[in-house]
**Q** 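The following block contains the structure, expressed as structure tokens.
Note that these values count all heavy atoms, side chains included, but never hydrogens, waters or copies made by symmetry.
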Amino acid sequence: MEGSKSLTPQVVVKDLLLRVKDQAYYIGESAKSDPRLVEISAKIQASDDDDPILKDFVSDATSVVCNLLSRMLGETSYSNEGENITFTIKAAANTPDLQNQLVDYITNYMSTSILRNWLNTVKSDEAKRFDEKLIRLETELIQLSARRLKPERT
């Protein structure tokens, strides 16, 4: 597209999964304080054995982010090389360089989405509290995507 620029934020899958496992660990540990939840707390804590399930959730989160970026920034596609997910965005020419910020926002959104889906699988009442956070992160991503450079007079 003429008058456009390409942005290629890249998310490391291993970092996403580690972030989700860390958060699930702390949620599981806090559940141990209730004697009735000791058994379920171990199920909440995701391990490397759960990677196939978590990677399915990565795929779901990737699709959502791709659609969101397409709607807000421009035509977006992605490639998943297994270790990295690279988004390719054809943004308007007046879009500022958002690459690093996009990586942070995408990582936050995807890890929260994966965690929510994981918790929905093992203990659905814990997952509900992440719905509001996902809405907030989506709004932040939309606001970031709406930024444009001011035209300069020549």
Side-chain angles (χ1 to χ4, degrees), residues 1-28 43-154:
M1 160 170 39
E2 190 174 320
S4 67
K5 67 168 52 171
S6 182
L7 301 171
T8 55
Q10 186 176 70
V11 177
V12 180
V13 174
K14 182 179 178 181
D15 292 347
L16 277 176
L17 297 181
L18 286 174
R19 187 179 226 179
V20 169
K21 289 174 190 174
D22 283 348
Q23 291 174 331
Y25 170 78
Y26 288 111
I27 293 168
K43 292 180 182 177
I44 290 173
Q45 298 174 356
S47 69
D48 291 345
D49 295 339
D50 300 310
D51 279 0
I53 295 169
L54 294 175
K55 286 183 180 178
D56 284 343
F57 299 145
V58 168
S59 178
D60 293 344
T62 303
S63 295
V64 170
V65 167
C66 187
N67 290 334
L68 184 61
L69 293 173
S70 286
R71 188 175 63 195
M72 296 309 303
L73 275 173
E75 183 183 335
T76 303
S77 60
Y78 68 90
S79 61
N80 185 344
E81 300 89 28
E83 293 181 17
N84 300 311
I85 300 168
T86 304
F87 295 89
T88 303
I89 307 162
K90 291 181 184 174
N94 65 342
T95 303
D97 184 14
L98 303 171
Q99 194 122 317
N100 292 334
Q101 289 175 303
L102 278 172
V103 170
D104 291 341
Y105 279 80
I106 291 169
T107 300
N108 284 339
Y109 184 89
M110 289 182 69
S111 65
T112 303
S113 176
I114 295 162
L115 179 61
R116 186 209 172 279
N117 286 333
W118 170 252
L119 291 174
N120 199 40
T121 302
V122 295
K123 191 170 185 323
S124 60
D125 58 324
E126 285 287 326
K128 293 174 187 159
R129 65 184 173 144
F130 288 94
D131 289 338
E132 188 175 307
K133 185 174 181 183
L134 280 173
I135 291 169
R136 181 183 56 81
L137 289 170
E138 183 175 327
T139 301
E140 290 176 3
L141 190 54
I142 289 169
Q143 290 173 344
L144 176 69
S145 300
R147 292 183 187 164
R148 297 294 180 264
L149 297 172
K150 291 181 181 180
E152 295 179 11
R153 294 184 187 197
T154 55

**Q** Assess whether atom CG of D125 is packed by more than 12 heavy atoms of other residues, nucleotides or ligands within 6.0 Å.
**A**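 Atom CG in D125 is crowded, with more than 12 foreign heavy atoms closer than 6.0 Å.
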**Q** Donor-acceptor check, side chain of W118 to backbone of A127, threshold 3.5 angstrom: yes or no?
**A** no
**Q** If you draw a 6.0 Å radius around CD in E132, do more than 12 non-hydrogen atoms from other residues or ligands fall strictly inside?
**A** no
**Q** Give the C-alpha distance, both sets of side-chain angles, the deciding distance and a yes or no for side chain to side chain contact (heavy atoms under 4.5 Å, CB included) between V58 and T62.
**A** CA-CA 6 Å; V58 168; T62 303; 4.0 Å; yes
**Q** Are Q10 and T86 close enough, and set up right, to give a side chain to side chain contact (heavy atoms under 4.5 Å, CB included), and what steps lead you there?
**A** CA-CA 4 Å; Q10 186 176 70; T86 304; 2.9 Å; yes
**Q** With the side chain counted from C-beta on, respond yes when L7 and L102 share a heavy-atom pair under 4.5 Å apart, and no when they do not.
**A** yes
**Q** Just wondering, do T76 and N67 contact through their side chains at under 4.5 Å, heavy atoms?
**A** no
**Q** State, to 0.1 Å, how close A46 and A24 come at their nearest heavy-atom pair, and which atoms those are.
**A**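 Scanning both residues completely, I find the closest heavy atoms to be N-CB, 3.9 Å.
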**Q** Is a donor on one side and an acceptor on the other found under 3.5 Å between the side chain of N117 and the backbone of I114?
**A** no
**Q** I need the L134 CG to T139 OG1 distance, nearest 0.5 Å.
**A** 10.5 Å
**Q** Any chance NZ of K123 has more than 12 other-residue heavy atoms, nucleotides or ligands included, within less than 6.0 Å?
**A**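 Result for NZ/K123: enclosed.
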**Q** Supply the atom-to-atom distance Q23 CD to I44 CD1, rounded to the nearest 0.5 angstrom.
**A**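 Q23 atom CD to I44 atom CD1 measures 13.0 Å (nearest 0.5 Å).
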**Q** Measuring from K5:NZ to L149:CG, what's the distance to the nearest 0.5 Å?
**A**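 Between atom NZ of K5 and atom CG of L149 there are 5.5 Å.
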**Q** Determine the minimum heavy-atom distance between C66 and S77, stating which atoms define it.
**A** SG-CA, 4.0 Å
**Q** Is there a side-chain contact between T121 and F57 (heavy atoms, below 4.5 Å)?
**A** yes
**Q** Nearest 0.5 angstrom please: L17 CG to L115 CG, how far?
**A**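 Output value for this atom pair is 11.5 Å.
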**Q** To the nearest 0.5 Å, tell me how far L69 CG sits from I89 CD1.
**A** 4.5 Å
**Q** Can you name the residues that form a side chain to side chain donor-acceptor pair (under 3.5 Å) with R129, not counting sequence neighbours?
**A**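 So R129 forms a side chain to side chain donor-acceptor pair (under 3.5 Å) with E126.
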**Q** When you measure from the side chain of S111 to the backbone of T107, do you find a donor-acceptor pair of N or O atoms at a distance under 3.5 Å?
**A**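 Yes, the answer is positive, given that a donor and an acceptor are paired below the 3.5 Å cut-off.
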**Q** If you define the side chain from C-beta out and look only at heavy atoms, does anything of R148 sit under 4.5 Å from T95?
**A**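 Yes. Closest side-chain heavy atoms under 4.5 Å.
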**Q** Kindly indicate whether the side chain of T8, heavy atoms from C-beta on, has any atom under 4.5 Å from the side chain of Q99.
**A** yes
**Q** Show the nearest heavy-atom pair for residues Y78 and S63, with the distance to one decimal.
**A** OH-OG, 3.8 Å
**Q** Listed by chain and number, what are the side chain to side chain donor-acceptor pair (under 3.5 Å) partners of E138, not counting sequence neighbours?
**A** none
**Q** May I ask you to test the V64-M110 pair for a side-chain heavy-atom distance under 4.5 Å?
**A** no
**Q** Passes side chain to side chain contact (heavy atoms under 4.5 Å, CB included), I106 versus I85? Steps please.
**A** CA-CA 11 Å; I106 291 169; I85 300 168; over 6 Å; no
**Q** Could you please spell out the steps behind the salt bridge (Lys or Arg N to Asp or Glu O under 4.0 Å) verdict for K21 and D51?
**A** CA-CA 10 Å; K21 289 174 190 174; D51 279 0; 2.7 Å; yes
**Q** Just so I know, are the side chains of V11 and V65 near enough to count as touching, which here means a heavy-atom distance under 4.5 Å?
**A** no
**Q** Looking only at heavy atoms, what is the nearest atom pair of D49 and P52, with distance?
**A**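 Shortest heavy-atom contact: O-CD, 3.5 Å.
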**Q** Just verifying a value: how many Å separate T112 OG1 and D131 CG, rounded to the nearest 0.5 Å?
**A**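 Output value for this atom pair is 11.0 Å.
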**Q** Would you say the side chain of R19 lies within less than 4.5 Å of the side chain of N108, judging by non-hydrogen atoms?
**A**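 Yes, close enough: below the 4.5 Å cut-off.
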